[in-house]
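Reviewing the structure listed below.
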Amino acid sequence: MLARLGFVASVLSEGITTSRACRLSNATGDRLRALIAENLAALERALAFLERHHIRLYRITSNLIPFASHPVNTIAWWDEFGPALRRLGTRIRDLGLRVSTHPGQYTVLNSPHEPIVRNAIAELVYHARLLDALGTDATSKIVVHTGGLYGGSKPDALDRFCGNARALPDAVLRRLVIENDDRLFDADEVVRAARALGIPVVFDWLHHLANPCRRAIGDVLPEIFDTWTAADGRPKVHLSSQAAGGRPGAHAGFVAAADLLALLQVAPDDPFDCMLEAKEKDRALIRLRAELAPLGLRELDLEA
DNA sequence: AGGTGTCAAGTATTA
DNA sequence: TAATACTTGACACCT
């Protein structure tokens with residue numbers, strides 16, 4: 001059952017971007033401060049948009065604080081911008097909004113290379129610090145992939161992931177969730193690692209189509225939903241449609257209602273949150289809603 | 001002002 | 001060994 005639809009970062013229909021950035025070569029303290037202030041102000045405008053459209057699921061960009069985990073950024077931004085962050089957090093809570101983050105492809109916790117793991121940890125600590133500074137609860141998640149193979153076996157790669165994950169600060173681990181990817185680790189493999197760690201799994205529909213697990217997904221999804229405890233909040237899935245003509249796994253601009261209907265066919269009856277990963281962002285959400293309405297399908301939380 | 005090459009970071013594939 | 005895709009937008013330099 002569909003509880004909420006959400007989207008990622010920019011609000012295209014209002015030209016709001018929350019990820020102003022600069023090049024490393026001109027990342028001075030002043031420049032970074034100005035960018036942070038701009039991004040936080042943009043996030044506030046994004047929240048107003050979410051309120052107007054009764055959208056209660058949203059992914060905050062990793063670029064909100066530029067170079068947050070890079071040594072060039074020595075700003076104690078969580079202090080300096082603490083009041084602004086707390087204000088945003090209060091707004092988020094008042095809206096009943098569930099926010100999450102999704103560190104990018106360079107955050108690889110299972111790398112056999114120590115400096116890369118160190119950087120991944122720094123990036124995850126940044127994400128946790130951001131969500132903590134907003135004062136969101138443990139239903140605000142940080143979504144990561146499990147990483148690469150490095151010419152070795154999948155069990156070894158997942159063991160390395162679990163070992164490094166277990167050593168993370170609790171502030172990170174309580175928010176950490178893992179997602180099936182479109183090339184290596186399928187839904188079934190990821191759920192086994194997640195159970196070993198006691199953390200939830202975000203199921204990604206398009207990744208599953210590109211990289212399906214051996215077992216029937218209808219049998220795996222109940223196990224995935226079960227990884228979400230009351231403290232973690234509702235199960236969350238990622239939904240996108242295949243880009244026509246793109247390589248398998250490439251995101252389309254919009255999300256086809258048929259993909260959501262197919263997901264609902266195989267998903268358990270429990271309510272879940274659904275993050276749309278589409279190039280057209282908020283426009284994709286609005287359009288999908290419009291396509292669902294005639295089918296008598298709406299988000300459960302819109303009733304409340 | 002607009003067009004375009006480039007950008008912190010990793011991994012894996014292809015040439 | 002080197003280039004490139006992934007995904008992605010946005011900067012920054014050039015015309």
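Only heavy atoms go into these numbers, but all of them, side chains included; no hydrogens, no water, no symmetry mates. Below, chain A is the first sequence line, B the second, and so on; all start at residue 1.
- For the side chain to side chain contact (heavy atoms under 4.5 Å, CB included) test, residues two or more places apart in sequence or in another chain that qualify with A:A27 are A:C22, A:L32, A:F67, A:V72.
- C:dG9 atom C1' lies 11 Å from atom CG of A:L12, rounded to whole Å.
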Quiz: residues 265-274 of chain A side-chain donor-acceptor pairs under 3.5 angstrom, not counting sequence neighbours:
residue	atom	partner	partner atom	Å
A:D273	OD2	A:R98	NH1	2.8

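- When the P atom of C:dG9 is taken as reference, atom CG of A:L35 falls 18 Å away, rounded to whole Å.
- Salt bridge annotation for A:R33-A:E80: present, with a cationic side-chain nitrogen under 4.0 angstrom from a carboxylate oxygen.
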How would DNA chain B look in dot-bracket form, 5' to 3', counting Watson-Crick and G-U wobble pairs with both distances under 3.5 Å and writing | for bases paired to another strand? |||||||..||||||

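- In this structure, A:D282 places its CG atom 13 Å from P of C:dG9, rounding to the nearest Å.
- The separation of B:dG2 from C:dT8, taken at their P atoms, amounts to 27 Å, rounded to a whole angstrom.
- For A:S140 (side chain) and A:V99 (main-chain N/O), a donor-acceptor pair under 3.5 Å exists by modelled atom type.
- Looking at residues two or more places apart in sequence or on another chain, you find a side chain to side chain donor-acceptor pair (under 3.5 Å) between A:R118 and A:E114.
- The backbone N or O of A:D186 lies less than 3.5 Å from a partner atom in the side chain of A:E189, making a donor-acceptor pair.
- Using the six-membered ring where Trp is involved, A:H208 and A:F203 have ring planes that are tilted, between 30° and 60° apart.
- We find that CD of A:E114 is positioned 13 Å from P of B:dG10, with the value rounded to whole Å.
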Below 3.5 Å between N/O atoms, which protein atoms pair up with nucleotides 7-9 of chain B? Just atom names and distances, please.
residue	atom	partner	partner atom	Å
B:dA8	OP1	A:L24	N	2.4

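- In terms of phosphate contacts, A:H113 brings a side-chain nitrogen or oxygen within less than 4.0 Å of OP1 or OP2 of B:dT11.
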Start with the C-alpha distance between A:F185 and A:H145, add both sets of side-chain angles, then the distance that settles ring pair (Phe, Tyr, Trp, His ring centres under 6.0 Å), and finish with yes or no. CA-CA 9 Å; A:F185 298 100; A:H145 291 288; 9.8 Å; no

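- The CG atom of A:D181 sits 11 Å away from the C1' atom of B:dT11 (whole-angstrom rounding).
- Comparing the same atom, P, in B:dA12 and in C:dG9 gives a spacing of 25 Å after rounding to whole Å.
- Using modelled atom types, one finds a donor on one side chain and an acceptor on the other under 3.5 Å when comparing A:E179 with A:H102.
- Looking at A:S13 and A:D282, their side chains do bring a donor and an acceptor atom within 3.5 Å of each other.
- The residue A:R31 sits close only to the backbone: its heavy atoms come under 4.0 Å of sugar-phosphate atoms, none of a base.
- A salt bridge between A:E44 and A:R87 is absent, with no side-chain N of the basic residue lying under 4.0 Å from a carboxylate O of the acidic one.
- The phosphate of C:dT8 has neither OP1 nor OP2 within less than 4.0 Å of any side-chain N or O from A:S19.
- Taking atom CZ of A:R20 as the reference point, atom C1' of C:dA12 lies 12 Å away to the nearest angstrom.
- Comparing the P positions of B:dA8 and C:dC13 gives a spacing of 12 Å, expressed to the nearest Å.
- A donor-acceptor pair is defined here as one N or O able to donate and one able to accept, closer than 3.5 Å; no such pair exists between the side chain of A:S69 and the backbone of A:A122.
- Using P as the reference atom, B:dT11 and C:dA10 are 26 Å apart when rounded to the nearest Å.
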Could I get a table of every N or O pair under 3.5 Å where one atom is in the protein and the other is in nucleotides 12-15 of chain B?
residue	atom	partner	partner atom	Å
B:dA12	OP1	A:L149	N	2.5
B:dA12	OP1	A:Y150	N	3.4
B:dA12	OP2	A:Y150	N	3.4

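- The side chain of A:Q105 sits closest to C:dC6 out of C:dA10, B:dT11, C:dC6.
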